[in-house]
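Heads up: the structure comes next, in structure tokens.
Whatever order the structure lists ligands and atoms in, that order sets their numbers, starting from 1. Below, each value reflects all heavy atoms present in this structure, side chains not excepted, and no hydrogens, waters or symmetry copies.
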Amino acid sequence: MKIAVAGTGYVGLSVALLLSQHNEVHALDIVPEKVELLNNAKSPIVDAEITDFLQENASGERPLDFHATLDPEQAYTGAEYAVIATPTNYDPKKNYFDTSSVEAAIKAVRTYAPDAWIVIKSTIPVGYTQQLHERLHDDRILFSPEFLREGHALYDNLHPSRIVAGAPQDDPQAVEAARTFVGLLAHGAAPEETDRTNPDGTKGIPQLVVGLTEAEAIKLFANTYLALRVAYFNELDTYAESRGLDTKSIISGVCLDPRIRNDYNNPSFGYGGYCLPKDTKQLLANYDKVPQNLIEAIVAANRTRKDFIADEIMERVEGVENPVIGIYRLTMKSGSDNFRQSAIQGVMKRLKAKGLTVVVYEPTLDAPDFFGSKVTHDLAAFKAESSVIVANRWNADLADAGEKVFTRDLFRRD
Ligand SMILES: NC(=O)c1ccc[n+]([C@@H]2O[C@H](COP(=O)([O-])OP(=O)(O)OC[C@H]3O[C@@H](n4cnc5c(N)ncnc54)[C@H](O)[C@@H]3O)[C@@H](O)[C@H]2O)c1
């Protein structure tokens, strides 16, 4: 089967490679450098499985039917499915996701493949696909939420927690098309997943075909829950720090309860990354005229946490003449090269607003400065120059920096 994928970022590229094990897949992007890298079997993003798949395909060890292109005609003509994985950034002016890239891709698909099933994988507002059906008079648009983690994009598609697709439940053809799409993703997953036992005792990968709008809600509520959990343990840490208590002991005792679980509980400077900040804000916008307290509290808690962290850092340099705040990595997670919407940037903004000098150690950033702060790749000079070294995530690089390091990475994991 021919499948087109629009967008070769974390979502599009991992889905395209997964599907190309058993289908003819054409991955389209609008950035020539990305397509050129892919055509040279190189990954435009840091991701071990994506890198391996591309190299093993080039060497013939893992033959994939994978093609990267800039040409929409080549990508879409004859495709039975067109997967849309283009960005949906949060637009602070409209207080809503900017879905223009999704609509541009849909328009291009319809020029060359009028009957293809379009599956939106981008994260979109709740109710958006149904509105598209009405506005574009197009019933052949489905939605499938993507749950991957950056840095493990293809791994998470090979070992999915669940596969979900949404289709209007009163349209049997659309439901069938959604089932087929879920089946295509499941077929691409690692073979051992067929035999796995899930926490509820069921076997294999859980596969769900639900209503269109319910599928959209699953994505935003799942990410908002994750943000809630991060914000909760961060607020626990803020309390413990303010009262001189040992956060680690409290979290360890709290999380021995099997209903709470001992994971996803490591304090940080705030939740961040491409998805959680924008998805929580979008869900809050979707609550328009619906009573809520929790969702807005999650969004507010993340701001309060960054204020608290910035205050803690400022306390550390009180009395120091011309202090220099050293930022160790702009990234959210260790082992990542991605710093879209990382929490540290919010902390930096607060420090700079107070007139403090900030320098950044970020080896993956090839630029002399970052929003006016000097960027260095010289770790020794960075350590010497900094009055305090601020690290969202600790790294062995910092072992000799001793008391200068400020981090809340208590469990030394993401
Ligand atoms: N990154 C994640 O962890 C993650 C997880 C789940 C869902 N999502 C959602 O998936 C979507 C994509 O996220 P991403 O991280 O893969 O984004 P990305 O920015 O890494 O990649 C998007 C790609 O789409 C390309 N593009 C833009 N307009 C295009 C067009 N008209 N036609 C073809 N290509 C086009 C861009 O050049 C870019 O390469 C977003 O809605 C995001 O919220 C992301």
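Heavy atoms from other residues, nucleotides or ligands lying under 6.0 Å from CZ of Phe370 number more than 12. Under a cut-off of 6.0 angstrom, the local environment of OH in Tyr155 is sparse, with at most 12 non-hydrogen atoms contributed by other residues, nucleotides or ligands.
Under the salt bridge (Lys or Arg N to Asp or Glu O under 4.0 Å) criterion, the residue pairs touching residues 353-370 are Arg329-Glu362, with sequence neighbours excluded.
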Quick check on ligand 1: any N or O pairs to the protein under 3.5 Å? One line per pair.
| from | atom 1 | to | atom 2 | distance (Å) |
| --- | --- | --- | --- | --- |
| ligand 1 | 1 (N) | Glu150 | OE2 | 2.8 |
| ligand 1 | 15 (O) | Arg340 | NH2 | 2.9 |
| ligand 1 | 16 (O) | Tyr10 | N | 3.0 |
| ligand 1 | 16 (O) | Val11 | N | 3.0 |
| ligand 1 | 19 (O) | Arg340 | NH1 | 3.0 |
| ligand 1 | 34 (N) | Gly7 | N | 3.4 |
| ligand 1 | 37 (O) | Asp29 | OD1 | 2.6 |
| ligand 1 | 39 (O) | Asp29 | OD1 | 3.4 |
| ligand 1 | 39 (O) | Asp29 | OD2 | 2.6 |
| ligand 1 | 39 (O) | Lys34 | NZ | 2.8 |
| ligand 1 | 41 (O) | Thr88 | OG1 | 2.6 |
| ligand 1 | 41 (O) | Thr123 | N | 3.0 |
| ligand 1 | 43 (O) | Thr123 | OG1 | 3.4 |
| ligand 1 | 43 (O) | Lys278 | NZ | 2.6 |

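The aromatic ring centroids of Phe181 and Phe143 lie 6.0 Å or more from each other.
A donor and an acceptor atom, one from each side chain of Glu150 and His152, are nowhere located under 3.5 Å apart. With no hydrogens or angles considered, no side-chain donor-acceptor pair links Lys278 and Thr123 at under 3.5 Å.
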